[in-house]
Q: 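One structure, as structure tokens, below. Some questions next.
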Number of protein chains: 2
Amino acid sequence: MSKSKRLMELMMTVNRKKKFTVKELATEFDVSTRTILRDLQELSELGVPLYSEVGPHGGYQVLNERILPPIAFTEEEAVAIFFACHALRHYAYLPFETESSSALSKFYFYMSGDVRDRIDEMKNRIDFVIPSRQAKFPYLSILLDGAIRQKVIRIEYESREGVSTRLIQPVGIYASSGLWYCPAYCFLREDIRLFRCDRIKFAAEDTSGMQPLDLRHLHLGNREALLPSEQEFASLYVELTEEGVHRCEAEHWTATKLHRREDGTGWLEGRLPKGDIPFLAQFFIGLGADATVQHPPALIDDIKRRLVEMMARYA
Amino acid sequence: MSKSKRLMELMMTVNRKKKFTVKELATEFDVSTRTILRDLQELSELGVPLYSEVGPHGGYQVLNERILPPIAFTEEEAVAIFFACHALRHYAYLPFETESSSALSKFYFYMSGDVRDRIDEMKNRIDFVIPSRQAKFPYLSILLDGAIRQKVIRIEYESREGVSTRLIQPVGIYASSGLWYCPAYCFLREDIRLFRCDRIKFAAEDTSGMQPLDLRHLHLGNREALLPSEQEFASLYVELTEEGVHRCEAEHWTATKLHRREDGTGWLEGRLPKGDIPFLAQFFIGLGADATVQHPPALIDDIKRRLVEMMARYA
DNA sequence: GTATTTGTGACAATAGTTGTCACTATTATA
DNA sequence: TATAATAGTGACAACTATTGTCACAAATAC
């Protein structure tokens, strides 16, 4: 093995291990410890962030940073990566505890000049727009950590009825249309609930000793199954215009209920929890002429009641 | 200079240049051509995708792919990059002519084991959700190229009135809520218009000889300036409940108009383009009891008209 | 005090590298 | 067809770099 190859493989090896000794590497690469010491010195000079501890249980470590070894990306791949990361700037809050812009700067800086030129040309010509929100989401990383590690989190949640303290166990977090949501098991309601993260006014790991449930089988990929199961249901049927179809596409709860016709119009059909009628009434009023509810009667009644109330307010 | 360093720098040099000769590199690195030939052979063996052409105007080139040299990312940076790219999977159509998933696989594959483990833990716990759209956007790359290179594009556009052929000069393209839009100068209307890309049924570079305008000063970053400026304004005043305040906080157009009181309620106050009244009427209807419009009268009238229409529909 | 780790310098033996040389092959162009 | 410009190959003497061994130093946990 040539020295160049050995250095390259050594770079990948130290990248992979959290901690290692000179002796260990010497055995693995079948060279002397002196040679490994020299090689590590040379890697340091090449920019690999190594540091060492002398003494028992000592050894070498790579600083927090992980080196991405040389990768060949096509120009299109590099451009896709760049603009995907560039889109993160629209989020004032992210659960990653660093500026995503530092990642982007590094990537851009090291990319070859012609790809950089291409990116510069495109920068003001393409964007993934995410609505800029005034809301604040300061507890995203606590919630995400709670979901990953199955922890109980104490939150103060602001709803219509005011601020309440709750114990929750998060399933995950997701961003939609610039807002962050957290489906979680609520110990107060003893059921899965969807929380809007800007309404979480405080969050910290619970210290009261509440035992977490085993929710490993639940995740964002099967979040439709997160809906409450012991509820009364009614069957829903709503006619939609083409515009109504588009607006329902943007709502995740419609995913299994939305049907389309060739001409672009469509309909919603399926079961709905009776407890959701107030929310749905207001939702379909918001769709205006683009939705016509035909079933269930209770929903139509609620819509009519609200329309009358609104008419009175504007008389 | 040690051989290892020379190889590393040579990797970066060939990465940067589109095309180069052995002689040129030998001069640049102050070694013989024989040594450069050997070095290039060794780079090949290390995986750099080089290919050569013999004869006049020959030389070496790096295949389409560009090598990203070793970069040290923090774990958080790597995770941010990964999930930003992962979010691209929600787009069935992208203007980048490759699968963004191949970029992501490469990135993931070469990242060190512990970061990979972390990503795996997080994969079903965090997501940037983009609505899944049935619409098709097959001409994104043509439009983007048109914007970058200031080209005139012939399109067939489907609007309410049917399909029309137009010549446009794109300013750029952007994705919002899963749909792609293209602000462009329309030669038919002799003004800037916003086109929805799923309604562009055909697009190709114009061959009729229409001269492009110089639109270099226009781009997505100043697209608010793309809107028509000769508009009539009216003054808006809306009382909001606490819930109404929350829901307006989530809207970007309210940024300069929203005022809050100590008790959590608030109001919207400011000027609005008269052309926005239909949109705003439906918006405030969707807020229901949480908003009460007090000014302008034209908006109140539109709201009332829509309420009457809806009541008739549910009678 | 002992054991375990990193660390340093020196040197002989060995391996690898370099530039020069002579020659080959390919290709565009006049 | 000849020429020029490019990549390419093998060989070899001279030179450089690398390696492992050795002796010793320093730091640290137990």
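Quick note on labels: first sequence line is chain A, next is B, and so on, each numbered from 1.
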Q: Closest approach of B:Q169 and B:K151, non-hydrogen atoms and distance?
A: CG-O, 3.5 Å
Q: Atom CD of A:E24 and atom C1' of C:dT4: how far apart are they, to the nearest Å?
A: 14 Å
Q: Nearest-Å distance, NZ (B:K5) to P (D:dA17)?
A: 13 Å
Q: Which of the following nucleotides, C:dT27, C:dT18, C:dT6, is nearest to the side chain of B:R6?
A: C:dT18
Q: Could you state the CZ-P distance from B:F29 to C:dG19, rounded to the nearest angstrom?
A: 13 Å
Q: Picking from D:dA7, D:dT19, C:dT17, which would you name as closest to the side chain of A:K3?
A: D:dT19
Q: Will you find, in the side chains of A:Y108 and A:D120, an N or O donor that is under 3.5 Å from an N or O acceptor?
A: yes
Q: Between A:S2 and A:G59, which has a closest nucleotide on DNA chain C that is more 5'?
A: A:G59
Q: Would you give the length of the straight line joining atom CD1 of A:I155 to atom CG of A:L188, rounded to the nearest 0.5 angstrom?
A: 10.0 Å
Q: Between the side chain of B:K5 and the main-chain N/O of A:E45, is any donor-acceptor distance below 3.5 Å?
A: no
Q: Which is it for B:E205 and B:R149 under the salt bridge (charged side-chain N to carboxylate O under 4.0 Å, His left out) test, yes or no, and what are the steps along the way?
A: CA-CA 11 Å; B:E205 193 172 333; B:R149 303 196 201 292; over 6 Å; no
Q: Just to be sure I understand the geometry, which residues of residues 31-40 of chain B put a non-hydrogen atom under 4.0 Å away from DNA chain C?
A: B:V31, B:S32, B:R34, B:T35, B:R38
Q: How does DNA chain C read in dot-bracket, base by base from 5' to 3', with Watson-Crick or G-U pairs under 3.5 Å and | used when the partner is on another strand?
A: ||||||||||||||||||||||||||||||
Q: Hey, mind stepping through B:D127 and B:R89 against side-chain contact (heavy atoms from CB on, under 4.5 Å) and telling me if it holds?
A: CA-CA 11 Å; B:D127 198 15; B:R89 75 189 191 285; 3.1 Å; yes
Q: May I have the distance from A:K23 (atom NZ) to D:dT21 (atom P), rounded to whole angstrom?
A: 14 Å
Q: For residues B:W180 and B:D198, determine if any side-chain heavy atom of one lies less than 4.5 Å from a side-chain heavy atom of the other.
A: no
Q: About how many Å separate CE of B:M11 and CG of B:D39, when rounded to the nearest 0.5 Å?
A: 11.5 Å
Q: Any idea how A:F202 and A:Y139 line up, ring-wise: parallel (<30°), tilted (30 to 60°), or perpendicular (>60°)?
A: perpendicular
Q: Heavy-atom contacts under 4.0 Å between residues 42-55 of chain B and DNA chain D, which residues?
A: B:S52, B:E53, B:V54, B:G55
Q: Rounded to the Å, how far apart are B:L7 CG and C:dG16 P?
A: 15 Å
Q: Any chance you could measure B:K23, atom NZ, to B:S32, atom OG, to the nearest 0.5 Å?
A: 13.5 Å
Q: Checking A:T33 against A:L37 for the side-chain contact (heavy atoms from CB on, under 4.5 Å) test, could you report, in this order, the C-alpha distance in whole Å, the side-chain angles of both residues, the deciding distance, and whether it holds?
A: CA-CA 6 Å; A:T33 57; A:L37 281 170; 5.5 Å; no
